[in-house]
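The structure appears right after this line, and notes come after that.
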Amino acid sequence: MQYYSLNKKAPNTSFKDAVIKGLAPDKGLYFPKSITPLPKSFFDDINNLSYSEIAFEAIKQFVEPDIPKDILKKIITETLSFGFPIVELNKNISVLELFHGPTMAFKDVGARFMARCLGYFNKDNTNEVTVLVATSGDTGGAVANGFLGVKGVNVVILYPSGKVSDIQEKQLTTLGQNITALEVNGTFDDCQDMAKNAFLDEDLTKKMQLTSANSINVARWLPQMFYFFFAYRQLKQKNIVFSIPSGNFGNICAGMMAQQLGLPIAHFVASNNENNVVTEYLKTKTFNPKPSIQTISNAMDVGNPSNFVRIQEIYNNNFEALKENLSSYSFTDDDTRAAMQEIYSNYNYVADPHGAVGYLGAKVYLRTNPTAHCVFLETAHPTKFLEVVEEVIKEKQELPAQIKGVMDKKKVSIKIKSYEQLKAFLLK
Ligand SMILES: *Cc1c(COP(=O)(O)O)cnc(C)c1O
């Protein structure tokens with residue numbers, strides 16, 4: 001597959017190159033040149049396919065010919081070593097649980113897939129890469145875990161000191177080996193600015209291959225398509241609508257790619273916290289990025305969702321076509337807390353704040369579309385947001401093994417304050 005830059009000022013490139021570069025030289029996001037729908041026989045037969053077989057069929061056109069089929073199958077099997085169960089809350093609403101991976105956030109799948117692709121591209125030690133990633137919480141842990149021990153890949157994680165949860169901090173500072181955590185005296189926006197400066201800094205890019213492991217990278221973004229196929233296979237319903245708690249809009253954009261491949265999805269709901277740029281866009285046709293607002297669903301505190309340009313590309317920048325397929329609603333922290341309480345009281349189900357925002361979006365959509373079956377995504381395990389979950393449902397939560405496992409490990413980080421310190425670290 002060839003990829004082009006959405007800024008249209010850089011040459012087309014291969015999957016391999018798109019993964020190693022992250023962003024095109026003109027700073028545009030890469031997008032596949034073509035999307036060929038899967039044959040009808042694939043959907044007729046889907047119940048007889050394993051999850052790995054489904055994933056292979058879904059993604060192969062996007063990585064060919066850079067990764068041979070047998071290697072791709074191995075990468076997929078290793079990536080998908082845990083479950084993706086659906087829990088039905090009532091006849092109209094189900095939850096798709098995406099938190100059964102090693103760091104208990106949905107980002108595990110993309111991080112594990114991307115790490116293995118880079119490992120394969122570096123198999124002859126010719127493509128040493130430094131992955132630089134800024135995190136507000138979950139990305140750091142998933143990337144650290146996914147890339148641990150991958151030969152020829154060094155990972156540098158920038159995180160804001162004191163602004164990630166204890167569990168999240170442990171997940172990204174305790175692994176060692178090829179993973180380094182830089183603890184930034186500043187906010188998440190400062191971390192992201194530092195990373196952006198580094199990608200633009202020729203002193204660095206001349207000397208080293210820097211790439212990103214955020215969802216702008218096609219190898220982290222595209223595997224997220226798998227979830228939607230797995231949900232479809234488990235559900236017997238027609239008229240499936242996905243409500244997706246959205247931040248950078250990578251996950252929902254991957255769902256739209258699955259739909260382009262022919263997966264019967266009736267509609268998408270982008271469920272937002274108070275960072276409502278897309279909700280406002282669908283109302284006013286004006287895309288107006290804003291500084292991010294801090295909320296209890298902090299992985300969605302994004303004021304300028306980077307993948308939205310990919311969504312617009314899918315719909316040929318046709319506002320009406322997009323609006324037919326996408327609704328978006330925004331909710332406050334009080335709404336979110338009330339939803340967590342309601343889900344617990346009505347269904348005895350513990351949702352994390354992000355999933356609760358997804359549930360709220362599903363409920364609003366169902367008011368005017370009562371025959372739909374809405375699936376909301378549970379993007380993180382509730383104990384990753386222990387404080388707010390226990391405060392709302394007033395019950396102690398048992399920590400899962402993945403989380404207990406990191407709690408008493410020793411944090412190792414390097415404290416930095418400025419871009420100059422990051423640059424000096426990268427150059428040494
Ligand atoms: C990253 C993240 C999101 C947002 O996903 P996007 O692809 O950025 O829209 C939602 N929930 C959780 C828990 C996350 O970690």
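Both ligands and their constituent atoms are indexed starting at 1 by order of listing. Predicted model only: the values in this text are computed from it and were never measured.
Protein heavy atom nearest atom 5 (O) of ligand 1, with residue, atom name and distance: F106 CZ, 3.4 Å. Closest to atom 12 (C) of ligand 1, if we only count protein heavy atoms, is T379 OG1, 3.3 Å. Nearest protein heavy-atom contact of atom 14 (C) of ligand 1 is K107 NZ, 2.8 Å. The protein atom (non-hydrogen) at minimum distance from atom 4 (C) of ligand 1 is G247 N, 3.6 Å.
Side-chain atoms of K107 do not come within 3.5 Å of backbone N or O of G140 as any donor-acceptor pair.
Relative to atom 8 (O) of ligand 1, the option among N298, N248, N307 with the closest non-hydrogen atom is N248.
Listed by atom number, the atoms of ligand 1 under 4.0 Å from A380 heavy atoms are 13 (C). Close approach to N251 involves these atoms of ligand 1, each under 4.0 Å from a residue heavy atom: 7 (O). Of all atoms in ligand 1, numbered sequentially from 1 with element shown, those under 4.0 Å from a heavy atom of G250 are 6 (P), 7 (O), 9 (O). Residue P245 has at least one heavy-atom neighbour below 4.0 Å for each of these atoms of ligand 1: 4 (C), 10 (C).
Side-chain contact, N307 with R310: a donor N or O sits under 3.5 Å from an acceptor N or O.
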Is there a side chain to side chain donor-acceptor pair (under 3.5 Å) between T279 and S330? Walk through the geometry before answering.
CA-CA 6 Å; T279 307; S330 152; 5.0 Å; no
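The pair E169-K411 meets the salt-bridge criterion, since a charged nitrogen lies less than 4.0 angstrom from a carboxylate oxygen.
Residue contact check for ligand 1: S246 places a non-hydrogen atom closer than 4.0 Å to it. Every heavy atom of A105 sits 4.0 Å or more from the atoms of ligand 1.
Partner of P382 under the side-chain contact (heavy atoms from CB on, under 4.5 Å) criterion, out of D352, I393, V392, V388: D352 alone. Among V218, V143, T211, the single residue meeting the side-chain contact (heavy atoms from CB on, under 4.5 Å) criterion with M114 is T211.
Using a 30° and 60° split on the angle between ring planes, F226 and F113 fall in the perpendicular class, above 60°. Taking the six-membered ring for Trp and thresholds of 30 and 60 degrees, F15 and Y3 have ring planes inclined between 30 and 60 degrees apart. In this pair, F308 and F249 present their aromatic rings perpendicular. The plane angle is above 60°, beyond the 30 to 60° band.
Proximity of D138 to ligand 1, defined as any heavy-atom pair under 4.0 Å, is confined to the side chain (atoms from C-beta onward). At a heavy-atom cutoff of 4.0 Å, ligand 1 is contacted by no atom of Q224, backbone or side chain.
Of the polar atoms of F249, at least one N or O is found under 3.5 Å from an N or O of ligand 1, judged by distance alone.
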